[in-house]
Amino acid sequence: MTEARVATVDAYVIRRVGSAWELLALRRAAGTRCTGAWEAVHGFIEADERAEDAALREVREETGLTVQRLYNVAVQPFYLHGSGLVTLAVAFAAVVDGASAAVLGAEHDQAEWLPFAAARAKLAWPRSRAALDDIAILLASGDGGAVEDVLRVR
């Protein structure tokens, strides 16, 4: 039987450069799943962990960066056929200090700060492109504007 549950998070690590946003795109390392694919930070929610805590942990583990502000962006379904699970991935925009440098773990071998248009063209997953479009709209003013109180998690 196929189960559906909130099991994963996607964290789009972004920084403000002037009046524009950039995304930290990560390339999967050799010997990992999807070798060579460019992606955002993502991972599983651990037992007794809230989605936002998983996003903060995954950003820290995969990039070494500290999130200053965290915004709820979307929930996206994805079928994990190996486990028969339809995961509902909670997508977050994770704002970090513009001067911060990423320190990559073993899953990734390269990181690039890219303007959203360039990142959109490079990301492997269509759902990542859609989330990036949502982030561009929701945070166009630099924050959530009139919906800041609903979007901002931390």
Side-chain angles (χ1 to χ4, degrees), residues 1-15 21-96 100 102-140 143-144 147-148 150-154:
M1 174 180 240
T2 300
E3 176 189 3
R5 65 182 160 89
V6 177
T8 56
V9 293
D10 293 330
Y12 296 85
V13 178
I14 61 175
R15 69 180 182 185
W21 289 106
E22 290 183 336
L23 172 79
L24 182 65
L26 306 173
R27 188 176 72 181
R28 297 290 302 181
T32 65
R33 65 151 181 79
C34 304
T35 297
W38 287 89
E39 62 186 18
V41 169
H42 59 263
F44 283 95
I45 299 170
E46 295 179 356
D48 298 323
E49 188 176 43
R50 291 179 56 94
E52 58 267 31
D53 295 327
L56 296 171
R57 176 182 50 75
E58 288 290 344
V59 169
R60 190 174 51 256
E61 288 175 1
E62 293 187 20
T63 71
L65 298 173
T66 300
V67 175
Q68 295 175 327
R69 293 182 285 147
L70 187 69
Y71 291 91
N72 174 34
V73 176
V75 177
Q76 301 173 319
F78 186 75
Y79 182 56
L80 298 171
H81 64 274
S83 59
L85 173 69
V86 174
T87 180
L88 301 173
V90 182
F92 295 96
V95 180
V96 298
S100 298
V103 177
L104 301 179
E107 291 180 60
H108 303 100
D109 63 5
Q110 193 172 343
E112 289 183 22
W113 285 107
L114 299 168
F116 276 18
R120 199 174 181 291
K122 196 166 226 178
L123 293 171
W125 296 102
R127 68 185 182 138
S128 294
R129 295 182 199 128
L132 202 56
D133 289 345
D134 289 346
I135 292 166
I137 293 165
L138 294 169
L139 302 181
D143 62 19
V147 294
E148 175 86 0
V150 174
L151 293 180
R152 188 163 175 179
V153 179
R154 299 226 165 139

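Excluded from the calculations below are hydrogen atoms, water molecules and symmetry mates; all remaining heavy atoms, backbone and side chain alike, are included.
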Closest heavy-atom contact between Ala11 and Val59?
CB-CG2, 3.6 Å
Nearest heavy-atom approach of Val153 to Phe92 is CG2-CE2, 4.0 Å
All heavy atoms of Ala25 vs all of Leu114, minimum pair found to be CB-CD1, 3.9 Å
With side-chain contact (heavy atoms from CB on, under 4.5 Å) as the test, would you mind laying out the steps for Leu138 and Leu151 before giving the verdict?
CA-CA 9 Å; Leu138 294 169; Leu151 293 180; 3.9 Å; yes
Could you give me the CA-CA distance, side-chain angles and deciding distance for Leu85 and Arg5, then say whether side-chain contact (heavy atoms from CB on, under 4.5 Å) is met?
CA-CA 8 Å; Leu85 173 69; Arg5 65 182 160 89; 3.7 Å; yes
Is Val96 close to Ile14 at the side-chain level, that is, under 4.5 Å between some pair of heavy atoms?
no
Under the criterion side-chain contact (heavy atoms from CB on, under 4.5 Å), I'd like the reasoning laid out for Leu80 against Phe44: C-alpha separation, chi angles, the key distance, then a yes or no.
CA-CA 12 Å; Leu80 298 171; Phe44 283 95; 4.0 Å; yes
OG1-CD distance between Thr87 and Glu3, expressed to the nearest 0.5 angstrom
9.5 Å
Under 4.5 Å between any side-chain heavy atoms of Leu24 and Leu65, yes or no?
yes
In chain order, what residues pass the side-chain contact (heavy atoms from CB on, under 4.5 Å) check against Ile45, with sequence neighbours excluded?
Val6, Val9, Glu49, Ala51, Ala54
Side chain Arg152, main chain Tyr71, donor-acceptor under 3.5 Å:
no
Find out whether Gln110 and Leu26 are in side-chain contact, i.e. whether some heavy atom of one side chain is under 4.5 Å from a heavy atom of the other.
no
Evaluate the side-chain contact (heavy atoms from CB on, under 4.5 Å) criterion for residues Asp10 and Arg127: first the C-alpha distance (whole Å), next the side-chain angles of each, then the deciding distance (0.1 Å), finally the verdict.
CA-CA 10 Å; Asp10 293 330; Arg127 68 185 182 138; 3.4 Å; yes
Are the side chains of Val13 and Trp113 in contact, using a 4.5 Å heavy-atom criterion?
yes
Glu39 and His108: side chain donor to acceptor below 3.5 Å
yes
With a 4.5 Å limit on heavy-atom distance, are the side chains of Val90 and Asn72 in contact?
yes
Given side chains that start at C-beta, do those of Glu112 and Lys122 come closer than 4.5 Å, heavy atoms only?
yes
Least distance between heavy atoms, Leu139 atom then Gly144 atom:
CD2-N, 3.8 Å
With the threshold set at 4.0 Å, does a side-chain nitrogen-carboxylate oxygen contact exist between Asp143 and Arg69?
no
Just to verify, what does Arg154 make a salt bridge (charged side-chain N to carboxylate O under 4.0 Å, His left out) with, not counting sequence neighbours?
Asp53
Give a yes or no answer on whether the side chain of Thr63 reaches the backbone of Arg60 with a donor-acceptor pair at less than 3.5 Å.
no
Please tell me if the side chains of Thr2 and Val86 come closer than 4.5 Å, counting only heavy atoms from C-beta onward.
yes
Distance (rounded to the nearest 0.5 Å) between Asp109 CG and Thr32 OG1:
8.0 Å
Mind telling me whether Trp21 and Phe116 have parallel, tilted or perpendicular rings, with 30° and 60° as the class edges?
parallel
Closest heavy-atom pair, Val73 versus Ala131, reported as atoms and distance to 0.1 Å, is CG1-O, 4.1 Å
Ignoring hydrogens and angles, tell me if any N or O in the side chain of Glu22 forms a donor-acceptor pair with the backbone of Pro115 under 3.5 Å.
no
CZ on Arg57 to CD on Glu52, rounded to 0.5 Å
12.5 Å
Test item: Tyr12 and Ser128 side chains (from C-beta on) under 4.5 Å apart, heavy atoms
yes
Smallest heavy-atom separation, Cys34 atom then Arg28 atom, equals O-CB, 3.2 Å
